[in-house]
Amino acid sequence: MFILLAALMHGFVLAFGLILPLGVQNVFIFNQGAVHKRFIYALPAVLTAAICDMLLITAAVAGVSIVLLGSVWFKTLLLAAGTVFLLFMGWQTWKNSGSSADSKRGEKEADRNSRADEPFSPRRQILFAASVSLLNPHAILDTIGVIGTGSLRYAGMDKIAYAAACILVSWLWFAGLAYAGRRAGQLDRSGRLMEIVSKISAVIIWAAALYMGSTLLLSE
């Protein structure tokens with residue numbers, strides 16, 4: 001029983017420490033919560049990010065992902081695809097930052113502003129959330145190197161408890177991040193603050209893309 005509780009605490013603290021730093025995934029989820037008029041409209045991004053993290057954690061604990069990332073061509077493909085997706089996502093985020101602010105300033109146009117797909121539709125949220133979750137080699141390597149390695153000390157139900165705690169952190173964190181973004185969006189009546197946040201988000205995404213691209217070039 002003691003080992004089970006220790007595994008739960010270990011997984012929770014470890015996963016929280018990994019997910020806390022500012023990164024592309026966190027920026028995207030916060031931004032989606034901020035720019036939508038209701039929290040529920042950001043759920044596609046929240047659920048997708050949480051499910052992707054759950055899959056990565058499960059693969060890391062099971063040791064499946066170690067086999068995949070042991071392949072040089074797989075890591076190269078992952079880096080290339082991740083760089084392209086992040087560059088495109090940064091451009092989309094920058095482009096939509098102005099339109100979302102304009103829509104807030106023009107709240108009298110109620111019909112236009114009530115659309116649930118401003119600025120990212122559910123389909124686009126799912127696509128981008130999946131891309132920043134699954135096409136980020138550094139996040140994947142962190143999951144394998146830290147969470148996967150940490151699971152080696154457990155077996156049976158203890159390992160399941162450890163993985164479950166890590167997964168729970170992801171679900172709670174992304175939901176809370178989107179809610180915090182929604183509250184920030186509600187406080188920003190003019191839309192200017194969210195416009196700045198969106199532009200900063202785009203710059204962070206581009207920086208991550210450039211870093212990923214440089215890693216790809218240096219690895220060749």
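For reference, positions follow the sequence shown, starting with 1.
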* So, does Gln125 use its side chain to make a donor-acceptor pair with the main chain of Tyr41 at under 3.5 Å? -> yes

* **Flag, side chain of Arg182 to backbone of Gly33, donor-acceptor distance under 3.5 Å** => yes

* To do: Assess whether side-chain contact (heavy atoms from CB on, under 4.5 Å) is satisfied between Arg123 and Ile126, documenting all intermediate values.
  => CA-CA 5 Å; Arg123 182 177 179 180; Ile126 292 171; 5.8 Å; no

* Asked: Parallel under 30°, tilted from 30 to 60°, perpendicular over 60°: which one fits the rings of Phe12 and Phe16?
  ->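 Because their plane-to-plane angle is under 30°, the rings of Phe12 and Phe16 count as parallel.
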
* Parallel under 30°, tilted from 30 to 60°, perpendicular over 60°: which one fits the rings of Tyr162 and His10? ->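 Answer is tilted, since the angle falls between 30° and 60°.
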
* **Residues, nucleotides or ligands: over 12 heavy atoms within 6.0 Å of Leu210 CG** => yes

Point-to-point distance, once rounded to the nearest 0.5 Å, from [atom1] of [X] to [atom2] of [Y]:
X      : Y      : atom1 : atom2 : answer
Ser170 : Ile19  : OG    : CD1   : 4.0 Å
Ile29  : Thr48  : CD1   : OG1   : 8.0 Å
Ile147 : Cys166 : CD1   : SG    : 4.5 Å
Arg124 : Gln32  : CZ    : CD    : 8.5 Å
Leu127 : Ser121 : CG    : OG    : 9.0 Å

Taking all non-hydrogen atoms of both residues, which atom of [X] and which atom of [Y] are closest, and how far apart?
X      : Y      : result
Ala163 : Ile57  : O-CG2, 4.1 Å
Val46  : Ala178 : CG2-CB, 3.5 Å
Ser133 : Ala49  : OG-CA, 3.9 Å

* What's the verdict on side-chain contact (heavy atoms from CB on, under 4.5 Å) for Leu134 and Leu55, showing C-alpha distance, side-chain angles and the deciding distance? -> CA-CA 9 Å; Leu134 300 177; Leu55 294 175; 5.6 Å; no

Hey, does [Y] have a side-chain heavy atom less than 4.5 Å from the side chain of [X]?
X      : Y      : result
Ile167 : Thr58  : yes
Ile51  : Trp171 : yes
Phe174 : Leu47  : no
Tyr154 : Ile160 : no

Please tell me whether [X] and [Y] are part of a single hydrophobic cluster in this structure, the criterion being side-chain heavy atoms less than 4.5 Å apart.
X      : Y      : value
Met54  : Leu18  : yes
Trp91  : Phe28  : yes
Met9   : Leu4   : no
Phe88  : Val132 : yes
Phe128 : Trp94  : yes

* To do: Let me see the working for Gln25 and Asp53 under side-chain contact (heavy atoms from CB on, under 4.5 Å), right down to the final yes or no.
  => CA-CA 11 Å; Gln25 196 180 38; Asp53 263 24; 3.4 Å; yes

